[in-house]
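Have a look at the structure below before the remarks.
Basis for what follows: all heavy atoms, side chains included, without hydrogens, waters or symmetry-related copies.
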Amino acid sequence: MRLEEMQLHTSPFLERYSNGDSDVVRFFDYKAPQDKREWTKRQQELKRYSFPRQELTQYLSFYNEKIGSSPKTSDHIQKLNSPETLAVVGGQQAGLLTGPLLVIYKCISTIQLAKQAQKELNVPVVPIFWIAGEDHDMDEINHVMVPMNNTAKKISLKAASSVKSSASLWNWNKEDVKPWLKEVFRAFGETAFTSDLFAETERILEKSDSIVTFFAKLLSKWFREEGLILLDSGDPEFKKLQSRALQDMIIKNSEIDAAFISQTNELNKSGYRDPIEVQKNNAHLFYTQDNERILLYRSENGFTSKENDFSITETELLEEAVQFPERFSNNVVTRPLMQEFMLPVLSFIAGPGEISYWAVLGKVFHQFNRKMPILTPRLSFTLVTDHIQKLMKSKELTVKQVIEKGTDDFKREWFSQNRPIETNESIETVKAEITAAYGKLLKLAEEIDKKLLPVADHNLKRIHSEIDYIEHKMEQRVRKKVKEPLAEFDEIMLQLKPTGIFQERIWNIYQFYNELGPDLVKQLIQYPYEFNGKHKILFL
């Protein structure tokens with residue numbers, strides 16, 4: 001495996017954050033995520049806070065044992081009992097077959113940063129992956145993208161119900177999932193690894209009662225030897241630890257919203273758009289009734305739904321938080337806050353979009369006399385298989401060129417230099433000769449009757465049109481002779497930047513397992529990457 005790096009220029013906000021630009025880092029409590037002195041500051045800051053460590057380790061032990069944890073994971077969980085133990089946290093929604101590649105990269109980032117911080121601070125630092133099981137947007141997670149017919153095709157698993165319950169509570173019929181799984185693997189194509197990989201994945205599916213459990217079991221399989229701790233934010237058992245934090249969020253709800261709006265306005269004044277939609281009186285909490293999540297809004301009498309078909313007083317909502325915390329869930333504003341209350345977060349691994357929305361949360365944290373954790377941009381990758389390397393070599397292309405410019409211009413240039421027969425010059429010569437000869441006819445027509453000129457001119461255009469037609473047909477035959485080399489440009493683009501989007505946001509890791517084998521993740525995680533803000537290109 002060989003590594004190259006390049007600087008991407010896709011997110012100006014993220015780039016300025018990574019560079020320490022003052023107009024961006026002022027929105028964060030820790031200004032330099034790559035400066036290890038910030039780790040020491042955060043370590044000291046966390047000593048001021050208390051966490052439900054005993055209850056947390058009990059829950060995490062139970063949950064991770066259920067999904068297939070390793071002895072190393074169990075050891076990491078038990079270390080959380082110690083007041084000196086810190087955590088590096090990453091997170092994502094639960095996608096099918098672990099979702100897009102970026103989920104795997106978040107796990108790798110979380111594990112690697114935890115190792116680096118532990119070595120630097122000389123205290124236990126454990127990696128935790130926060131599965132956003134509370135989320136209910138099934139359209140975002142119920143599919144896998146596969147390469148098919150020179151494009152990225154979505155193969156979706158339809159929801160069994162239209163009720164907007166959280167992903168953790170979306171029970172599925174495994175017999176309905178199996179045909180979907182077979183379709184996905186057929187799309188990947190048959191290799192020496194397909195049969196064993198499919199059989200093992202189907203066995204894990206058999207033991208999974210929901211999309212979140214399936215997701216967690218797969219991540220546990222690939223990262224168990226690294227001791228990655230998994231946590232389902234939508235698990236009712238985990239929510240039972242959140243009662244006190246929920247009560248605080250209800251009591252200080254207007255202050256949370258005001259702080260969020262105030263910092264969003266400051267971000268706007270600096271020329272940045274709202275990373276999170278601002279809605280009047282948004283309580284930033286969901287309440288579940290009849291298995292459907294209701295986003296709450298503050299009202300004169302307490303809280304209500306957007307449609308006003310549900311209402312509850314503050315006193316009643318506080319009582320619900322005491323007795324039934326599992327009925328609540330957080331939105332994008334309060335989820336980071338809940339994470340802060342539950343875990344001793346040294347650093348949060350964030351993607352470009354997450355860095356942007358955390359920028360409006362500083363004042364929300366300050367309402368509870370807390371600082372935001374260090375925000376570390378996740379590692380970003382493009383995987384290049386041996387087959388694609390060979391194709392690029394034959395076209396004298398680099399990955400950097402494909403990522404920055406695509407392949408269309410190179411494809412046209414290659415065709416102009418490699419077309420087997422040049423037709424354009426001959427066609428233009430013929431057109432010129434016909435036009436010159438036709439001039440005699442035009443002159444004769446004018447002498448006979450000037451009214452014939454438009455007819456003669458129209459006739460010349462028809463002749464040119466017929467020439468264009470035969471030129472088009474000849475061009476088709478020429479292109480057919482170079483069809484395969486031209487298609488290779490499309491294949492390179494499809495693999496490295498499908499539909500013009502970065503590979504890590506489209507393709508699934510199982511596509512690469514199927515081609516390269518199950519040791520892929522082990523190879524990826526053992527490489528000593530730098531958190532330097534640069535995009536990693538891995539030649540496999």
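A ring-centre distance under 6.0 Å is found for Phe348 and Trp358. Checked against the 6.0 Å centroid threshold, Tyr272 and Phe13 count as a close aromatic pair. Taking the six-membered ring wherever Trp is involved, the centroid distance between the rings of Phe27 and Tyr17 does not fall below 6.0 Å. Note: Trp222 and Tyr513 meet the aromatic proximity criterion, with ring centroids under 6.0 Å apart.
Rounding to the nearest 0.5 Å places CG of Leu97 at 10.0 Å from CD1 of Ile204. Atoms CD1 and OG, on Ile525 and Ser109 in that order, are 9.5 Å from each other to the nearest 0.5 Å. Here the CD1-CD distance, from Ile374 to Gln34, works out to 11.5 Å after rounding to the nearest 0.5 Å. Atom-to-atom distance recorded for Thr110:OG1 and Phe129:CZ is 6.5 Å, nearest 0.5 angstrom. From Tyr510, atom OH reaches atom OG1 of Thr201 across 4.0 Å, with rounding to the nearest 0.5 Å. Atom CG of Leu230 sits about 5.0 Å away from atom CD1 of Ile131, to the nearest 0.5 Å.
In this model, a donor atom of one side chain and an acceptor atom of the other lie less than 3.5 Å apart for Gln93 and Glu140. For the residue pair Glu491/His387, the side-chain donor-acceptor check at 3.5 Å is satisfied. Between the side chains of Asn514 and Thr194, at least one donor N or O lies within less than 3.5 Å of an accepting N or O. In this model, a donor atom of one side chain and an acceptor atom of the other lie less than 3.5 Å apart for Glu5 and Asn532. Remark: the Ser270 side chain and the Arg26 side chain contain an N/O donor-acceptor pair separated by less than 3.5 Å.
Side-chain contact check for Ile128 versus Val126: some heavy-atom pair is nearer than 4.5 Å. The closest side-chain heavy-atom distance from Thr264 to Ile276 is not below 4.5 Å. Side-chain contact check for Phe502 versus Leu496: every heavy-atom pair is 4.5 Å or farther apart. Side-chain contact between Asn459 and Leu441 is absent, with no heavy atoms from C-beta onward closer than 4.5 Å. Ser210 places a side-chain heavy atom less than 4.5 Å from the side chain of Thr213. Residues Phe193 and Leu516 are not in side-chain contact: their nearest non-hydrogen atoms beyond the backbone lie 4.5 Å or more apart. Taking the side chain as every heavy atom from C-beta outward, Met1 and Leu524 approach each other to under 4.5 Å. The closest side-chain heavy-atom distance from Phe512 to Thr385 is below 4.5 Å.
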>> Run Glu202 and Lys182 through salt bridge (Lys or Arg N to Asp or Glu O under 4.0 Å) and show every step you take.
In response: CA-CA 9 Å; Glu202 192 172 46; Lys182 289 179 181 178; 5.1 Å; no

>> Assess the residue pair Lys461 and Asp457 against the criterion (salt bridge (Lys or Arg N to Asp or Glu O under 4.0 Å)); give the C-alpha distance rounded to whole Å, side-chain angles, the decisive distance to 0.1 Å, and a yes or no.
In response: CA-CA 6 Å; Lys461 290 178 179 178; Asp457 185 60; 3.8 Å; yes

>> Walk me through whether Asp408 and Lys411 qualify under salt bridge (Lys or Arg N to Asp or Glu O under 4.0 Å).
In response: CA-CA 5 Å; Asp408 283 350; Lys411 183 179 177 182; 5.5 Å; no

>> Glu504 vs Thr382, test: side-chain hydrogen bond (donor to acceptor under 3.5 Å, both in side chains). Steps then yes/no.
In response: CA-CA 7 Å; Glu504 61 185 25; Thr382 291; over 6 Å; no

> His464 and Thr435: side-chain contact (heavy atoms from CB on, under 4.5 Å), yes or no, with the steps?
Replying inline: CA-CA 9 Å; His464 280 182; Thr435 301; 3.1 Å; yes

>> With side-chain contact (heavy atoms from CB on, under 4.5 Å) as the criterion, how do Val24 and Phe28 come out once you've worked through the C-alpha distance, each side chain's angles and the decisive distance to 0.1 Å?
In response: CA-CA 8 Å; Val24 167; Phe28 301 88; 4.1 Å; yes

> So Glu471 and Lys473, salt bridge (Lys or Arg N to Asp or Glu O under 4.0 Å) or not? Walk me through it.
Replying inline: CA-CA 5 Å; Glu471 180 185 25; Lys473 288 297 181 182; over 6 Å; no

> side-chain contact (heavy atoms from CB on, under 4.5 Å) between Leu375 and Tyr30: does it pass, once the steps are laid out?
Replying inline: CA-CA 8 Å; Leu375 274 290; Tyr30 296 93; over 6 Å; no

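In terms of heavy atoms, Leu442 sits closest to Ala456 at CD2-CB, 3.5 Å. Taking both residues in full, the closest heavy atoms of Ser233 and Trp130 are given as CB-NE1, 3.2 Å, listed atom of the first, atom of the second, then distance. Among all heavy-atom pairs drawn from Ile111 and Pro127, the shortest one is CA-CB, 3.9 Å. Pairing each heavy atom of Met392 with each of Val384, the nearest pair is CE-CG1, 3.8 Å. The two residues Leu379 and Glu530 have their closest heavy-atom pair at CD2-O, 3.7 Å. Lys534 approaches Gln7 most closely through the heavy-atom pair CG-OE1, 3.7 Å.
A salt bridge does not link Asp449 with Lys451: every distance from a Lys NZ or Arg NE/NH1/NH2 to an Asp or Glu carboxylate oxygen is 4.0 Å or more. A salt bridge links Glu200 with Lys221: the distance from a Lys NZ or Arg NE/NH1/NH2 to an Asp or Glu carboxylate oxygen falls below 4.0 Å. Taking 4.0 Å as the cut-off between side-chain N and carboxylate O, Lys178 and Glu206 count as a salt-bridged pair. Between Arg186 and Glu183 there is no salt bridge, since no side-chain N of the basic residue sits under 4.0 Å from a carboxylate O of the acidic one. Using a 4.0 Å cut-off between a side-chain N of Lys or Arg and a carboxylate O of Asp or Glu, Lys41 and Glu38 qualify as a salt bridge. Between Lys431 and Asp468, at least one side-chain nitrogen of the basic residue sits less than 4.0 Å from a carboxylate oxygen of the acidic one, meeting the salt-bridge criterion. Ion pairing between a basic and an acidic side chain is recognised when a charged N comes within 4.0 Å of a carboxylate O; Lys395 and Glu413 show no such pairing. Salt-bridge annotation for Asp386 and Lys390: present, with a side-chain N of the basic residue lying under 4.0 Å from a carboxylate O of the acidic one.
Residue His9 qualifies as enclosed at atom NE2: its count of foreign heavy atoms under 6.0 Å is above 12. Other residues, nucleotides and ligands contribute over 12 non-hydrogen atoms within 6.0 Å of the NZ atom of Lys72. Taking a 6.0 Å sphere around CG of Asn19, one finds it holds more than 12 heavy atoms contributed by other residues, nucleotides or ligands. The 12-atom threshold is not exceeded at CD of Glu484, counting heavy atoms of other residues, nucleotides or ligands nearer than 6.0 Å. Counted within 6.0 Å of CD on Gln417, heavy atoms from surrounding residues, nucleotides or ligands total more than 12; the atom is thus considered enclosed.
Lys153 contributes no side-chain N or O that, together with a main-chain N or O of Met148, makes up a donor-acceptor pair within less than 3.5 Å. Put simply, the side chain of Asn142 never gets that close to the backbone of Ser156: no donor and acceptor are under 3.5 Å apart. For the pair Ser394 (side chain) and Leu391 (backbone), a donor-acceptor distance under 3.5 Å is present. Although no hydrogens or angles enter the test, the distance criterion places a donor-acceptor pair under 3.5 Å between the side chain of Glu354 and the main chain of Gly351.
Taking the centre and axis of the six-membered ring of Tyr105, the NZ or CZ atom of Arg378 falls outside the cone set by 45° and 6.0 Å. A cation-pi arrangement is absent between Lys536 and Tyr529, since the terminal nitrogen or guanidinium carbon is not both under 6.0 Å from the aromatic centre and inside a 45° cone about the axis.
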